[in-house]
Amino acid sequence: MMRIQKILKAGVAGAMVTLISASAYAAGGAAEKMTADADVAKLPGVVLTRKLADGLPPSIKSSGVLKVATDLTPPISFHGEEGKLIGIDADIAAALGVILGVDVEMTDVGAGAAIVPSILAKRFDISISGINDDPELEKQVDVIDYIYDATTIMTIKDNPLAIKGMEDLCGKKVAVPVGTFQAKMVEAASAKCATPVTIMSIPKMPDVLQAVRTGRADATVNGYATSVYTTEHQTGNGKGLQALPDIRLAVGYIGMLTAKDNSQLRDSVVAALQQIVDSGAYESIMKKWSLGPLVVKTVRVNDAASMPAD
């Protein structure tokens, strides 16, 4: 992993999630209560903070539950060997529950493209997932920017097709998750090709990775953090794959999403996140998942436009 300063020099502006209708939810899992494990509960700053708890919307204070949407993208959020939801977001969600004095129920909605409509329809209070921030996304929802990220390419291990950049995807079969910024990137790259890219749109990221590792697709374009972690640790369907870490495109933020009319929740979460950033707990969580170089120092809202354009 390289320092974020180097990543920022290599990238272009942040990312966009394509909005789809609320009726297009993918099948997801059951809600899982996020409980802070010992390594998270003992971190500085992970303590009940009454002022922040009191600032939550009345509906959440009354129910005592924060409903969170996620999807599975290691190491952001994924199921461990015992079937438990783990990852950066699981740890952060558990820490937020302690600070805000609520139970955090996290639900895998099945696909990243279901995240935005689930927030717009008020099915969930917030998303804590690997969603890339972008000015277009910010027109629909408020985005709490809490991790840096970039985009890279994943291939079969050892990169037998010698792919070195987006231009090398011309004429290849590329699998992408439905409705994501990375899908738009591949579409844009294909438009410049003499021989277009054959784009395979697949709802779930684990199935995208499976398509590449089984040879149905030649490559995928995916978030840098997820790609590097998945291939370094050979987790899940990332076994037999290889990220190309020298390819760093579309540098920006990963953000949590809240509805535009839910400023009380947004502000409480921002303050709680800044509390764990300032205490060092946030950096400890990021380093635990091998992503220390992608830490932010200040939690911002709707800040995608600040990312470098080139």
Side-chain angles (χ1 to χ4, degrees), residues 4 7-22 24 26 68-71 73 76-77 88-89 109 111-121 124 126-153 166 174 176-192 199 201 203 205 208 220-227 247-263 265-266 269-270 273 291 294-296 298-310:
I4 188 61
I7 297 175
L8 291 174
K9 291 178 182 177
V12 295
M16 177 177 66
V17 174
T18 299
L19 302 180
I20 61 175
S21 69
V68 178
T70 193
D71 72 317
T73 52
I76 308 300
S77 181
I88 293 167
D89 283 350
V109 298
I115 296 285
V116 172
S118 75
I119 298 299
L120 294 177
F124 296 98
I126 189 170
S127 77
I128 307 180
S129 186
I131 297 293
N132 298 96
D133 191 6
D134 179 86
E136 290 301 312
L137 177 62
E138 293 168 5
K139 295 176 182 178
Q140 300 295 319
V141 291
D142 281 335
V143 186
I144 302 170
D145 298 315
Y146 72 113
I147 300 177
Y148 286 116
D149 197 17
T151 293
T152 191
I153 296 172
M166 294 294 285
V174 179
V176 291
V178 174
T180 60
F181 165 70
Q182 285 78 18
K184 293 294 184 182
M185 285 187 69
V186 176
E187 291 172 6
S190 180
K192 300 176 183 178
I199 301 174
S201 296
M205 192 63 213
V208 170
T220 183
V221 176
N222 192 28
Y224 186 91
T226 296
S227 300
I247 299 174
R248 298 178 298 277
L249 307 168
V251 173
Y253 292 111
I254 288 175
M256 301 180 185
L257 311 184
T258 61
K260 285 285 187 184
D261 60 358
N262 205 354
S263 59
L265 175 60
R266 179 200 66 204
V269 170
V270 168
L273 287 170
L291 293 180
L294 300 181
V295 301
V296 299
T298 302
V299 180
R300 303 185 186 278
V301 176
N302 299 333
D303 195 44
S306 72
M307 289 291 99
D310 52 47

Original post:
Does Thr70 have any side-chain hydrogen bond (donor to acceptor under 3.5 Å, both in side chains) partners at least two apart in sequence or in another chain, and if so, which?
Top reply: Ser77

Subject >> Set of residues satisfying side-chain hydrogen bond (donor to acceptor under 3.5 Å, both in side chains) with respect to Thr152, sequence neighbours excluded >> reply: none

Taking atom [atom1] of [X] and atom [atom2] of [Y], what is their separation to the nearest 0.5 Å?
X	Y	atom1	atom2	result
Ile131	Thr180	CD1	OG1	9.0 Å
Asn132	Gln182	CG	CD	5.0 Å
Ser129	Ile115	OG	CD1	4.0 Å
Met166	Ile153	CE	CD1	5.5 Å

Shortest non-hydrogen separation from [X] to [Y] and the atoms involved:
X	Y	answer
Ala225	Leu294	CB-CD1, 3.6 Å
Met205	Pro177	SD-CG, 3.4 Å
Gly255	Tyr146	C-CE2, 3.7 Å
Ile247	Tyr224	O-CD1, 4.2 Å

Original post:
Can you tell which of Leu257, Thr258, Asp133 makes a side-chain contact (heavy atoms from CB on, under 4.5 Å) with Ile144?
Top reply: Thr258

Original post:
For Asp89, which of Asp71, Ile254, Val68, Ile76 qualifies under side-chain contact (heavy atoms from CB on, under 4.5 Å)?
Top reply: Ile76

**OP:** Can you sort out the partners of Lys260 under side chain to side chain contact (heavy atoms under 4.5 Å, CB included), two or more places apart, ordered by chain and number?
**Re:** Asp142, Asn302

**OP:** Spell out, as yes or no, whether a donor-acceptor pair under 3.5 Å connects the side chain of Thr226 to the backbone of Gly223.
**Re:** no

**OP:** Without swapping roles, check the side chain of Glu138 against the backbone of Ala304 for a donor-acceptor pair under 3.5 Å.
**Re:** yes

**OP:** Kindly indicate whether the side chain of Asp145, heavy atoms from C-beta on, has any atom under 4.5 Å from the side chain of Val296.
**Re:** no

Original post:
Is any side-chain heavy atom of Asp303 less than 4.5 Å from a side-chain heavy atom of Tyr253?
Top reply: yes

